[in-house]
Amino acid sequence: MYTDYEILQLPLSVGIYRRRVEQFLAASGLRMDSSIDYYAVVQRRGNDEILAGGGLTDNIIKSIAVKETAREEGFSSRLISHLISQAHERGYSTVRVFTKPENKEIFESLSFQTVGQTDKAILLESGENNLSQYLEKLRKYTIISSEDFSSETPRQDADTSARKVKNAGCIVMNANPFTLGHRYLIEQSAAMVGHLYVIVVKEDLSMFSYEERRRMIAASCKDFSNVTVCDGSDYQISQSTFPTYFLKQIDDATDAQIGLDLDIFCRHIAPQLQITHRFVGSEPTDNLTRRYNELMVATLPNHGIEVVEIPRLCRQGEVVSASRVRSLMGKSLIDALQLVPTTSYSTILSHIAADCLREELQLTPKPGLVDEFDSGAHTDMDYRLMTKSIDALQPFFWQIAQYAYESEAIETARLQQLGCQAEEAMMAATGGVNTHRGALFSVGIVVASTAQLLRINDSEPIDSHRLQSEIIRLASGFVHAADTNGARVRSRYNNVGGALSMAQSGYSMLFDEWLPFYRKMKATADNPLHRLLLKIIATLEDTNILHRTDRETASAVKLSAARLLANFSLDGLQAMNEQFVRQNISPGGSADMLALTLMVERIIDK
């Protein structure tokens with residue numbers, strides 16, 4: 001019988017196929033989940049009528065439906081087996097399914113086990129790395145209840161013997177990023193219980209990665225004797241249990257998802273950690289979080305867990321929130337840092353550094369440079385590779401910032417060592433292609449200079465003079481590298497300085513010309529970043545152009561950039577890109593200085 005049918009993938013990016021799937025699901029009272037990235041259907045051969053269908057979001061099976069007239073045909077098991085195979089091909093050892101409770105028996109017959117359930121939704125899973133393994137991991141954090149806990153040694157990590165406490169509280173925290181508001185919530189909560197567990201949301205759908213968020217939380221909690229930061233999982237506020245959270249929308253599925261998330265907490269996580277209290281911050285602005293808190297208050301007391309709502313921390317009449325910090329990061333480093341503990345400084349600074357490199361990369365079109373449209377004059381790199389390079393460098397910007405912030409006196413040798421490690425990581429990520437070596441040096445030295453100034457006085461605004469002076473001081477400890485393209489250009493053209501000379505001058509052209517020009521363009525003209533790039537190309541002795549061409553060509557490039565700037569158009573910029581590609585011209589040094597100008601603009605006080 002099955003030979004008369006076939007299982008096909010329908011590309012949801014194609015409108016006609018997406019509409020077919022949406023209509024099919026609607027007939028079963030379902031709606032297409034926007035996160036689905038793979039959808040398979042069962043059809044008769046030679047007939048495009050959908051008899052059964054199901055999708056995947058990573059390793060999560062969703063939107064399973066069978067046409068009413070075909071429910072006795074046994075398509076469900078065949079389709080589910082196909083989706084399980086697809087998830088395994090993606091490299092997942094665990095497969096989960098988010099579905100209606102009436103489908104429970106179908107999945108249990110295929111060796112799935114129930115993780116959580118409400119009257120409208122159920123989550124099941126099959127395979128390794130499952131809930132029982134996560135609960136075993138939590139067990140190492142468990143604190144044994146006792147009337148006397150004051151004399152025990154504080155538990156800071158998994159290797160310390162368990163402390164005995166009267167009661168235990170829990171916070172499930174995303175911290176994107178970790179702010180003074182999060183710190184206040186932990187402080188207030190820890191004062192109310194014998195021990196407090198902070199579970200970090202693991203899903204990597206936020207601006208800050210799971211590792212960054214966990215690191216920020218753990219660093220800020222070191223001075224609490226009764227706080228343990230626990231590993232996150234797929235079982236609390238994740239794509240498996242609460243996908244709506246990451247879309248920040250409320251729809252008819254939201255309450256079911258929240259109920260499922262809370263059921264897993266009450267049924268599995270709270271008993272493992274012996275939770276008696278769950279703490280949340282009051283939510284004046286986010287409707288979704290407010291609804292989550294409301295259902296928590298309605299649900300958890302039925303399981304013997306008290307929900308305690310802590311009023312949110314306010315500064316100057318405004319709630320201290322992660323979203324506010326993220327907004328300020330795009331405008332002013334100092335303003336953003338006023339809302340986070342010092343333990344978050346390095347992470348914020350490294351993000352700004354990487355964001356500025358990404359902003360330069362995303363600027364499109366650009367003459368002779370990699371952008372979202374093409375690779376410019378480069379045959380060995382593209383947008384995807386450049387993105388991988390930035391991702392590889394970002395953790396080292398954090399290391400540089402952390403070292404500079406913690407050091408009374410920065411050692412040039414240590415900065416060089418970190419720079420070399422960053423370059424090795426970049427080369428590993430790009431397969432040996434030098435994508436950002438120049439940017440690594442310039443951005444790295446500004447990161448270190450800024451972190452050092454924050455160490456000296458984090459309440460004093462960083463103005464141009466202070467930042468330039470610190471850059472010059474740090475750059476003075478470096479010597480010109482011998483085996484680089486810049487070194488070869490300096491050897492050929494005696495009066496060309498290069499990256500180190502620019503740093504040792506405190507990037508005078510950036511502060512004196514490019515940054516004032518950019519600020520003026522932002523206020524008075526369209527396409528300010530394109531205009532800034534042309535301004536830099538027209539005024540910078542770009543060693544990358546000199547390396548690829550010659551002095552005459554470099555002078556012609558500067559002149560053509562100045563002319564286009566005076567009579568700006570995007571069409572003219574595209575025509576310049578085509579010319580640069582033909583002549584193998586890439587103003588890579590100008591691109592680095594564009595990113596650096598953006599970074600300095602966010603750092604210094606307006």
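Numbering starts at 1 and runs along the sequence shown.
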Out of curiosity, Asp371 CG to Met386 CE, how far, rounded to the nearest 0.5 Å? 10.0 Å
Which heavy-atom pair separates Met192 from Val308 by the least distance, and what is that distance? SD-CG1, 4.1 Å
So, do Gln416 and Phe478 sit near enough that their side-chain heavy atoms are less than 4.5 Å apart?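 Yes, side chains in contact.
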Test item: Leu440 and Phe397 side chains (from C-beta on) under 4.5 Å apart, heavy atoms: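 Yes, their side chains come closer than 4.5 Å.
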Using side-chain heavy atoms (C-beta onward) and a distance below 4.5 Å, is Ile537 in contact with Pro367?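 Sidechains of Pro367 and Ile537: in contact.
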Minimal non-hydrogen separation, Pro177 against Met216, with atom names: CB-CE, 3.7 Å
Could Asp355 and Arg358 be called an ion pair, given the rule that one side-chain N must be under 4.0 Å from one carboxylate O? yes
Evaluate Ser350 against Val447 for side-chain contact (heavy atoms from CB on, under 4.5 Å), listing each step before the verdict. CA-CA 7 Å; Ser350 66; Val447 164; over 6 Å; no
Does the pair Arg213 and Asn174 meet the rule for a side-chain hydrogen bond (donor to acceptor under 3.5 Å, both in side chains), with working shown? CA-CA 7 Å; Arg213 291 182 284 108; Asn174 194 34; 2.9 Å; yes
Any residue meeting side-chain contact (heavy atoms from CB on, under 4.5 Å) with Ala591, in chain and number order, not counting sequence neighbours: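 Counting only residues at least two positions away or on another chain, Ala591 forms a side-chain contact (heavy atoms from CB on, under 4.5 Å) with Glu360, Leu369.
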Can you list the residues that meet the side-chain contact (heavy atoms from CB on, under 4.5 Å) rule with Thr342, with sequence neighbours excluded? Tyr345, Tyr405, Asp458
Could you walk me through whether Gln452 and Arg455 pass the side-chain hydrogen bond (donor to acceptor under 3.5 Å, both in side chains) test, one step at a time? CA-CA 5 Å; Gln452 183 77 167; Arg455 172 187 172 82; 5.5 Å; no
Whether Glu211 and Arg214 form a salt bridge (side-chain N of Lys/Arg under 4.0 Å from carboxylate O of Asp/Glu) is what I want to check. no
What's the shortest heavy-atom distance between Tyr383 and Val370, and which atoms? N-CG1, 3.4 Å
Where Ser344 and Phe178 come nearest, the two heavy atoms and their spacing: OG-O, 3.0 Å
Take a 6.0 Å sphere around CD of Glu372 and say whether it holds more than 12 heavy atoms from other residues, nucleotides or ligands.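 Correct, the count exceeds 12.
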Under 4.0 Å between a Lys/Arg side-chain N and an Asp/Glu carboxylate O for Arg291 and Glu283? no
Would you name the heavy atoms of Phe396 and Ala392 that are closest together and state the gap between them?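 Closest pair (atom of Phe396, atom of Ala392, distance): CD1-O, 3.4 Å.
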Indicate whether any N or O donor in one side chain lies under 3.5 Å from an N or O acceptor in the other, for Gln402 and Ser346.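 Gln402 vs Ser346: donor-acceptor pair found between side chains.
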Does the side chain of Glu423 reach to within under 4.5 Å of the side chain of Phe441, using non-hydrogen atoms? no
Which atom names give the shortest non-hydrogen contact between Ala322 and His182, and what distance separates them?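 Smallest heavy-atom distance, with atoms named: CB-CE1, 4.2 Å.
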Mind running side-chain hydrogen bond (donor to acceptor under 3.5 Å, both in side chains) on Asn287 and Arg290 for me, showing each step along the way? CA-CA 5 Å; Asn287 291 331; Arg290 186 186 300 118; 2.5 Å; yes
Would you check, one step at a time, whether the test side-chain contact (heavy atoms from CB on, under 4.5 Å) holds for Leu598 with Leu529? CA-CA 9 Å; Leu598 292 175; Leu529 269 181; 3.5 Å; yes
Out of curiosity, Ile352 CD1 to Met329 CE, how far, rounded to the nearest 0.5 Å?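 Those atoms lie 5.0 Å apart.
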Is a donor from one side chain sitting under 3.5 angstrom from an acceptor on the other, for Asp374 and Asn577?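 Asn577 and Asp374 do have a side-chain donor-acceptor pair below 3.5 Å.
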Atom OH in Tyr507, atom OG in Ser464: separation rounded to 0.5 Å?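 These two atoms lie 15.0 Å from each other.
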Verdict with reasoning, Arg324 to Val319, per side-chain contact (heavy atoms from CB on, under 4.5 Å): CA-CA 9 Å; Arg324 188 174 165 208; Val319 169; over 6 Å; no
May I have the step-by-step check of side-chain contact (heavy atoms from CB on, under 4.5 Å) for Tyr403 and Ile410, ending in yes or no? CA-CA 8 Å; Tyr403 167 68; Ile410 295 178; 3.7 Å; yes
